Structures are given as structure tokens and as C-alpha cells.
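One structure below.
Numbers for residues simply follow the sequence, beginning at 1. From a predicted model like this one, the values you see are computed outputs, not experimental measurements.
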Amino acid sequence: MTDIYGILGFPVGHSRSPAMHNSAFSALGIDAMYVPFAVPPERLPAAIASIRPLNLRGMNVTLPHKTNVIPLLDRVEPDALAIGAVNTLFIENDKLVGMNTDAPGLTRSLIDAGLRLQDARVTVIGAGGAARASVIGLARAGASRISVTARRNHEAERLVSELAAAAAPAVLRVEGWERAAHRRCLCETDLLIQATSATLDDGPAAAALAEALPLDALPDAATVVDLVYKPRLTSVLKLARDLNKQTVDGLGMLLFQGAIAFEKWTGQTAPIKVMRAALDAP
Ligand code: NDP
């Protein structure tokens, strides 16, 4: 019988996960199908309750459900609890368990790009869900210091106070949002992670953010990462390239968060090339 996997979101029609996972199932000859489920917030509890009775084998969870799903699960892995977001569900001993594959997805994508994360000095821009996943992922991968800067300083402070214990032994700190503070901080940064939604769709906010960041202060060997993947070459990455910095776009994180979920569900090594090609397709 065909196994059913899927993604719960609202809206969910834009998701590229069905193409990525279905191509992986077909490449490995697995009799399974991955389906998008548009679930409005008020129906999330009923949707979650139906996963086991319908024998759905594994699910992804996307906006706006990543946080609200937590109290509906039997168990949540510690890093997902610290991040405050679950993006992958699996069944273990008849219990519905939530995990966050965004955090290890980011670090696997950076290692895949040839970066060394051990002892890295990191700066994360933004204080939302993607920033929280980045902090935990990079702390687990051995970053020594992670500075967080956000346009609303109190949000950066909240992130740091909530994640400091989980991120140890990495040291978390808040950096100011003013240009002078950015310049000071970037001088001592090996890896800059753009984790805001400002660069999405290359609008005026994207240009303003690129303008506000003194990327020329980064050391020569620093790498600039933008988690946004639409467009792939964001204004921040363009600026970094103009300054001859190594850059990594957000498609790799999307790919590897999916690969980690796939491996959890199927117990098989994810066919990365096939999954990447599915994401690259127009
Ligand atoms: P959230 O809404 O949780 O957080 C967005 C963050 O961006 C907030 O800190 C927000 O600040 C900040 N922000 C928004 N606009 C601006 C601006 N103009 N200038 C400065 N800061 C701004 O979103 P997520 O953290 O979930 O996602 C952020 C981005 O990361 C998304 O656009 C998404 O595409 C990308 N992403 C990519 C993934 C991947 O697999 N590659 C996975 C997850 C996310 P404030 O609170 O002040 O509004």
C-alpha cells in the first residue's frame, strides 16, 4: 500500500516540499506519496489528531503552525522546544513526536558548502524563528560565539536570554542595530547569517537592509549566508559578492531540512542530488 506523507500549512500551495520528497521517493523506488494539506489554524488540532488514525507516516509543518503544533504532540525533541518551533513530525512507539530539522538543515548545508563551523564566530541578523533555529544549529555545530542583532533590540535580548542555556558552551550576546555596532561586530565575524524576511522578493526592505550593513568590515575570509531563497541571489548576497566574500543562499537549508526529515521517516540516505534538482526546477 502506498505510504502517505505530507505538509500541513496555510497557505501551502507554494511549498516546494512535495516536489522534493516525491522525487526522492521515486528515485529510491519507495511506494509513497507526499501531499500538501491546507489546514487553517482552527483545524490544526483535528488535523494533528487524524495523523495516527489515518496511518500518515510522517509530516512537515510550516507557517503558521510551527509553534502552535507543540502542545498538540505527545513529545517534542529538546532542541525544537528551545527553538519554539517544530517542522517535522514522526511516529515513535505509537507516539507523535515533533522535531526541528531547520537547525541541523542549516548546518548541513553550510558544511556541504565547504565551511568549517567549529569555533566559528557568528553574527545572526534577525530574531524570528529562522534566527532561533540558526542559533541552536550553529551552537550544536561548535560555533564559539554567536552575536544576535535585530531592528527591535528587545527581541534580540529575548532570544539571547531564552536560548543562552540551550546554546552553551557557545556564548550568545546581543549586538546593537546601529551602524557603528554592526561595524564593530562584523570585524570579528567569520559567518554572517541573514535570517530576517527583509530580503524576500527583493523589495525596498531588501535594498535598505543591504545598505544598512557595512559588509566591508567583515574579514576577507568571512562567509555571508542569506536564509531567504526567493530570490536566491538576494541584495545582501549581491553586495557580499561585490566585496569578494564567499556566499551561501537559502536553498541548501531548505534542501537539507527536507533531507533530514526524509532520513528520519524512511531510514534511508536521502538522494541529495535528485532532491536538489527538484528544488532547482522552475
Ligand atoms: P519571522 O517572521 O519569525 O521573523 C522575521 C524576522 O525578520 C524578525 O526578526 C523581523 O523583525 C525581521 N524583519 C522583517 N523585516 C525586516 C526589515 N525590513 N528589517 C530588519 N528586520 C526585519 O520569520 P522567520 O524567522 O520564520 O523567517 C525569516 C526568513 O527566513 C523568511 O523570509 C524565510 O523565507 C527564511 N527561511 C528560510 C528557510 C530555509 O529553509 N532556507 C527556513 C526558514 C525561514 P520584526 O520582529 O521587527 O518584524
Do Asp201 side-chain atoms and Gly203 backbone N/O form a donor-acceptor pair below 3.5 Å?
-> no
Worked check of side-chain contact (heavy atoms from CB on, under 4.5 Å) between Ile125 and Leu213 = CA-CA 10 Å; Ile125 306 171; Leu213 293 174; 3.6 Å; yes
Inspect the surroundings of CD in Glu263 and state if more than 12 heavy atoms from other residues, nucleotides or ligands are less than 6.0 Å away.
-> yes
Please determine if Arg232 and Asp280 form a salt bridge, counting it only when a charged side-chain N lies under 4.0 Å from a carboxylate O.
-> yes
For the pair Glu188 (side chain) and Cys185 (backbone), establish whether a donor and an acceptor sit closer than 3.5 Å, ignoring hydrogens and angles.
-> no
Apply side-chain contact (heavy atoms from CB on, under 4.5 Å) to the pair Leu56 and Leu89, showing each step before the final yes or no.
-> CA-CA 10 Å; Leu56 305 179; Leu89 308 180; over 6 Å; no
Say you draw a straight line from CZ of Arg16 to CG of Leu255; how long is it, rounded to the nearest 0.5 Å?
-> 11.0 Å
Greater than 12 external heavy atoms within 6.0 Å of Arg241's CZ = no
Are the side chain of Thr149 and the backbone N or O of Gly176 linked by a donor-acceptor pair below 3.5 Å?
-> yes
Val97 backbone acceptor or donor facing Asp74 side chain under 3.5 Å | no
May I have the step-by-step check of salt bridge (Lys or Arg N to Asp or Glu O under 4.0 Å) for Glu92 and Lys95, ending in yes or no?
-> CA-CA 5 Å; Glu92 189 176 71; Lys95 301 279 186 222; over 6 Å; no
Side-chain donor/acceptor of Gln246 to backbone N/O of Val248, under 3.5 Å | no
Only one of Asn100, Ile7, Asn60, Asp102 forms a side chain to side chain contact (heavy atoms under 4.5 Å, CB included) with Thr88, so which one is it?
-> Asn60
For residues Thr123 and Glu175, determine if any side-chain heavy atom of one lies less than 4.5 Å from a side-chain heavy atom of the other.
-> no
When you look at Leu227 and Val225, which way does the side-chain contact (heavy atoms from CB on, under 4.5 Å) test go after all the steps?
-> CA-CA 6 Å; Leu227 302 190; Val225 181; 4.0 Å; yes
Give a yes or no on whether Asn93 atom CG has more than 12 heavy-atom contacts from other residues, nucleotides or ligands under 6.0 Å away.
-> no
Say you draw a straight line from CE of Met253 to CG of Asp226; how long is it, rounded to the nearest 0.5 Å?
-> 11.0 Å
Kindly check if the number of other-residue, nucleotide or ligand heavy atoms within 6.0 Å of CZ (Arg43) is above 12?
-> no
Before accepting this row, confirm whether a basic side-chain N of the pair Arg183/Asp216 lies closer than 4.0 Å to the acidic partner's carboxylate O.
-> yes
Calculate, to the nearest 0.5 Å, the distance between atoms CG and CD1 belonging to Leu96 and Ile51 respectively.
-> 5.0 Å
To the nearest 0.5 Å, atom CG of Leu159 lies from atom OG of Ser134 at 9.5 Å
Report the relative orientation of the aromatic rings in His21 and Tyr34; use parallel for angles under 30°, tilted for 30 to 60°, perpendicular for over 60°.
-> parallel
Are Asn87 and Thr62 close enough, and set up right, to give a side-chain contact (heavy atoms from CB on, under 4.5 Å), and what steps lead you there?
-> CA-CA 6 Å; Asn87 76 328; Thr62 189; over 6 Å; no
Quick one: sort the Trp177 and His182 rings into parallel, tilted or perpendicular, breaks at 30° and 60°.
-> perpendicular
